[in-house]
Chemist: 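Just dropping this structure here.
Computation of the quantities below employed the complete heavy-atom set of this structure, encompassing side-chain atoms and omitting hydrogens, waters and symmetry-equivalent molecules. Order of the sequence lines sets the chain letters (A, B, ...), proteins ahead of strands, with each chain counted from 1. Since we're looking at a predicted model, the values are computed, not measured.
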Amino acid sequence: MMQPGAGGVAPSALGQQPAQQYGQQPAQPYMMMPPPTAQAPAMWAPQSHVAPPAPQLPQHSQPASADEVRTLWIGDLQYWMEENYLYNIFLHTGEVVSVKVIRNKQTCQSEGYGFIEFNSRAAAERVLQAFNGTPMPNGAQNFRLNWASTGEKRSDDTPDYTIFVGDLAADVTDYVLQETFRARYPSCKSAKVVIDRLTGRTKGYGFVKFGDESEQMRAMTEMNGVLCSTRPMRIGPAANKNAGGSQQYSNGCQEALSSKGQILISAEMVSP
DNA sequence: GATGAGCGT
């Protein structure tokens with residue numbers, strides 16, 4: 001027989017209202033700030049904060065074939081941003097099916113990203129367009145949203161040529177950084193300002209990716225010292241993360257190995 | 001100041 005108390009539980013596991021305390025956050029973290037300049041497009045969020053025109057940050061194009069893709073990936077989460085926080089942010093859409101923050105199994109600490117599933121692909125896309133790159137309710141950082149990858153490979157055939165950009169002012173966002181470069185380098189694909197997960201604030205450096213190697217090279221010299229927002233950028237080579245950007249070290253490794261070998265050999269020779 | 005971040009049961 002059914003337990004009386006458990007009969008009419010909320011459909012979603014999140015239905016049970018979360019006790020809303022997010023670390024240092026005061027009582028109502030979700031109070032959406034009034035739209036700065038927003039005339040609400042009144043599609044699905046009549047009365048709410050419609051963020052400034054979502055900058056066209058690079059996102060994976062929506063997979064056309066897969067009807068099932070209704071989930072967004074969200075990153076750059078601070079540790080205190082848990083399911084209930086995310087859930088309440090998108091609550092007004094009425095179309096959130098589930099929310100999940102990925103945690104480390106040992107420490108149970110957030111890994112800084114999660115997934116938001118909507119009841120339709122269109123709903124997910126609206127959220128993606130409207131929120132991505134706009135300030136999160138806590139005010140410190142911007143939403144970093146994208147389509148969740150469904151295990152299928154992302155269409156990413158082209159190599160990236162990346163540079164490191166330092167000395168960024170506090171107000172430089174991905175969008176600002178990217179536009180700074182895209183104005184001169186059409187192959188500029190994306191820009192990312194690195195965010196401190198503890199504070200949600202910028203670390204003052206970032207990465208810019210180009211599709212064209214010669215533009216990467218040119219940008220390295222031409223853009224060094226150029227103003228971005230209020231500060232001159234300092235540009236350097238990016239440590240090889242995603243290949244492409246710089247030369248492989250295959251030869252270097254061999255040299256290192258052989259010279260190590262030499263050291264060993266000479267050590268043997270030196271020994272009595 | 002100083003080299004990310006990225007897909008779960």
Side-chain angles (χ1 to χ4, degrees), chain A residues 12-14 57-63 66 68-79 81-83 86-87 96-118 124 128 132-133 136 141-156 160-175 177-178 181 189-210 216 219-220 223-225 228-247 249:
Chain A
S12 160
L14 298 159
L57 291 174
Q59 357 178 287
H60 309 120
S61 51
Q62 182 180 3
E68 29 178 341
V69 183
R70 306 180 311 228
T71 303
L72 297 181
W73 178 92
I74 182 168
D76 276 357
L77 298 177
Q78 289 180 251
Y79 294 110
M81 295 173 169
E82 302 183 332
E83 279 84 354
L86 295 175
Y87 183 75
V96 178
V97 173
S98 69
V99 171
K100 183 171 194 176
V101 171
I102 304 307
R103 291 183 175 76
N104 181 294
K105 282 205 175 117
Q106 272 94 37
T107 68
C108 281
Q109 198 171 44
S110 165
E111 296 279 11
Y113 69 92
F115 298 90
I116 308 156
E117 180 187 3
F118 295 85
L128 178 61
N132 195 25
M136 294 181 78
Q141 71 208 90
N142 294 334
F143 281 102
R144 191 180 301 280
L145 291 164
N146 212 332
W147 289 105
S149 67
T150 55
E152 299 179 9
K153 28 183 102 171
R154 287 174 202 156
S155 50
D156 189 32
D160 290 329
Y161 301 96
T162 307
I163 63 174
F164 171 89
V165 183
D167 279 355
L168 297 176
D171 66 329
V172 174
T173 62
D174 294 356
Y175 178 69
L177 186 59
Q178 177 170 346
F181 283 85
K189 284 182 178 178
S190 66
K192 180 184 180 188
V193 175
V194 177
I195 299 299
D196 185 330
R197 269 214 191 119
L198 285 171
T199 65
R201 281 192 273 260
T202 170
K203 284 185 168 175
Y205 64 85
F207 299 87
V208 179
K209 291 184 176 179
F210 302 84
Q216 173 206 33
M220 295 253 293
M223 297 298 276
N224 193 36
C228 180
S229 180
T230 58
R231 284 202 201 173
M233 297 178 284
R234 177 173 304 182
I235 296 186
N240 57 329
K241 170 109 181 175
N242 229 348
S246 43
Q247 35 291 19
Y249 297 146

Chemist: Centroid distance below 5.5 Å plus an interplanar angle below 30 degrees: do A:F164 and B:dA2 meet both conditions?
Modeler: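 Here the ring of A:F164 and the base of B:dA2 are not stacked, as the 5.5 Å and 30° limits are not both satisfied.
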
Chemist: A:Y205 has an atom OH; how far is it from atom C1' of B:dG4, in whole Å?
Modeler: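 From A:Y205 OH to B:dG4 C1': 6 Å.
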
Chemist: Between A:D167 (CG) and B:dA2 (P), how many Å, whole number?
Modeler: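 Taking CG of A:D167 and P of B:dA2, I get 11 Å after rounding.
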
Chemist: Taking the minimum atom-to-atom distance to the side chain of A:R234, which one of B:dA2, B:dG4, B:dG8 wins?
Modeler: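 Nearest to the side-chain atoms of A:R234, counting from C-beta on, is B:dA2.
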
Chemist: Measure from CG on A:L177 to P on B:dG4 and round the result to the nearest Å.
Modeler: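 Value for this atom pair: 16 Å.
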
Chemist: Start at the 5' end of DNA chain B and walk down; is the nucleotide closest to A:R231 or to A:R197 reached first?
Modeler: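 Comparing both residues, the 5'-ward one is A:R231.
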
Chemist: Side chain of A:F115 only, please: which of B:dG8, B:dT3, B:dG6 is the nearest?
Modeler: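 So the side chain of A:F115 is nearest to B:dG8.
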
Chemist: Please report the distance, rounded to the nearest Å, between CG in A:L168 and P in B:dG4.
Modeler: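 My rounded result for the distance is 15 Å.
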
Chemist: Checking contacts here: which listed nucleotide (B:dT3, B:dT9, B:dG8) is nearest the side-chain heavy atoms of A:I102?
Modeler: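 Selected nucleotide (nearest to the side chain): B:dG8.
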
Chemist: On DNA chain B, compare the nucleotides closest to A:R144 and A:A169; which residue's is nearer the 5' end?
Modeler: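 Between the two, 5'-proximity favours A:A169.
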
Chemist: Whole angstroms only, please: what is the CD-C1' distance between A:E117 and B:dC7?
Modeler: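 Rounding to the nearest Å, CD of A:E117 and C1' of B:dC7 are 14 Å apart.
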
Chemist: Using the glycosidic torsion, which applies to B:dG4: syn (within 90° of 0) or anti (everything else)?
Modeler: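 Judged by the O4'-C1' to base torsion, B:dG4 sits in syn, the angle falling within 90° of 0.
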
Chemist: To the nearest 0.5 Å, tell me how far A:T173 OG1 sits from A:Q141 CD.
Modeler: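 A:T173 atom OG1 to A:Q141 atom CD measures 13.0 Å (nearest 0.5 Å).
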
Chemist: Under the 5.5 Å and 30° test, is A:Y113 stacked on the base of B:dG6?
Modeler: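 No, the aromatic ring of A:Y113 does not stack with the base.
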
Chemist: How many Å lie between CG on A:D76 and C1' on B:dG4, as a whole number?
Modeler: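 That distance rounds to 9 Å.
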
Chemist: Where the side chain of A:N146 is defined as all heavy atoms beyond and including C-beta, which of B:dT9, B:dG4, B:dC7 is the nearest nucleotide?
Modeler: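 The closest nucleotide is B:dC7.
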
Chemist: Under the side chain to side chain contact (heavy atoms under 4.5 Å, CB included) rule, what do A:V208 and A:L177 come out as? Steps first, then yes or no, please.
Modeler: CA-CA 8 Å; A:V208 179; A:L177 186 59; 3.8 Å; yes

Chemist: In Å, rounded to the nearest 0.5 Å, how long is the span from CG of A:D167 to SG of A:C228?
Modeler: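 So the CG of A:D167 and the SG of A:C228 are separated by 11.0 Å.
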
Chemist: Using 30° and 60° as the class boundaries, would you call the ring planes of A:F207 and A:F164 parallel, tilted or perpendicular?
Modeler: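 Correct class here is perpendicular.
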
Chemist: Using whole Å, what does the distance between atom P of nucleotide B:dA2 and atom CD1 of A:I163 come to?
Modeler: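 Nearest whole value for this atom pair: 19 Å.
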
Chemist: Any side-chain heavy atom of A:P237 within less than 4.5 Å of one from A:M220?
Modeler: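 Yes, their side chains come closer than 4.5 Å.
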
Chemist: What is the separation between atom CG on A:D160 and atom C1' on B:dG4, rounded to the nearest whole Å?
Modeler: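 For the pair A:D160 CG and B:dG4 C1', the rounded distance is 13 Å.
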
